[in-house]
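To start, the structure itself, in C-alpha cells.
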Amino acid sequence: MNHIIVTTPEELRAIVSETVSQTLAGLTRTHKELPDNLTPDAAVEALEQHGFLISKARLYKLTAKGEVPFRKYGNKLLFSRKELLSWADNLARRVNDKSDAALTIAKSANRKLRGYGK
C-alpha cells in the first residue's frame, strides 16, 4: 500500500505546476459554462452553493412581494445568477452593518433616557 516515488525537485515542481494549471483551467471553464438565467429550482441551488439557505416556497414569496430580482419569460420565472447572488450578498451585509447596530443602540438609549425622567 505504501508506495515510495523517487523524483528530482525539478520533476516534482513540473508535476505540481501541471496539476495546478489543469485544476485552475477546470475551475475557470466551469464558471464560464454556468448559465446566468436560472429556474426557481436552480436559483435555490445556486443560493445554497454560496451559503444562502432558502426554500423554494420562500423564494416564491419574495418574488410575489417583489423583494427579489426576477424576470418572466411567458409564464415562467427566471432569475439572473449575478443579480440573485448580489441581492443575497447585500441582504447579508445589512444584517452585519455596524453603523445600523450603533444607530439602533443610540436610539434605544435616548428613548430610555427620555422615559427615565418622567
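This one's a predicted model, so the numbers in the text were calculated from it and none came from an experiment.
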- Query: Does one hydrophobic cluster hold both Leu59 and Leu78, with members joined at side-chain heavy-atom distances below 4.5 Å?
  - Reply: no

- Interatomic distance, Leu47 atom CG to Phe79 atom CZ [nearest 0.5 angstrom]: 9.0 Å

- Task: Hey, could you give me the CD/CG distance between Glu83 and Asn37, rounded to the nearest 0.5 Å?
- Result: 9.5 Å

- Query: Considering residues at least two apart in sequence or located in another chain, which fulfil the side chain to side chain donor-acceptor pair (under 3.5 Å) criterion with Ser80?
  - Reply: Asp36

- Query: Between the side chain of Arg81 and the main-chain N/O of Pro35, is any donor-acceptor distance below 3.5 Å?
  - Reply: yes

- Begin with the C-alpha distance, continue with both residues' side-chain angles, and end with the deciding distance and a verdict on side-chain contact (heavy atoms from CB on, under 4.5 Å) for Ser108 and Arg111. CA-CA 5 Å; Ser108 175; Arg111 277 194 308 270; 3.8 Å; yes

- Item | Intermediate values then yes/no, side-chain contact (heavy atoms from CB on, under 4.5 Å), Asp41 and Lys56 | CA-CA 7 Å; Asp41 289 325; Lys56 190 174 172 183; 3.0 Å; yes

- Message: Using 0.5 Å steps for rounding, measure from the CD1 atom of Ile54 to the CD atom of Glu45.
- Response: 14.0 Å

- Query: About how many Å separate CH2 of Trp87 and CZ of Phe70, when rounded to the nearest 0.5 Å?
  - Reply: 12.0 Å

- Message: As an exercise, state the distance from CD of Glu10 to CD1 of Ile15, rounded to the nearest 0.5 Å.
- Response: 11.5 Å

- Message: Do Val20 and Leu12 land in one hydrophobic cluster if side-chain heavy atoms of ILVMFWY residues count as linked below 4.5 Å?
- Response: yes

- Note on the structure: One should read off an interatomic distance between Lys82 NZ and Leu38 CG, to the nearest 0.5 angstrom, of 11.5 Å

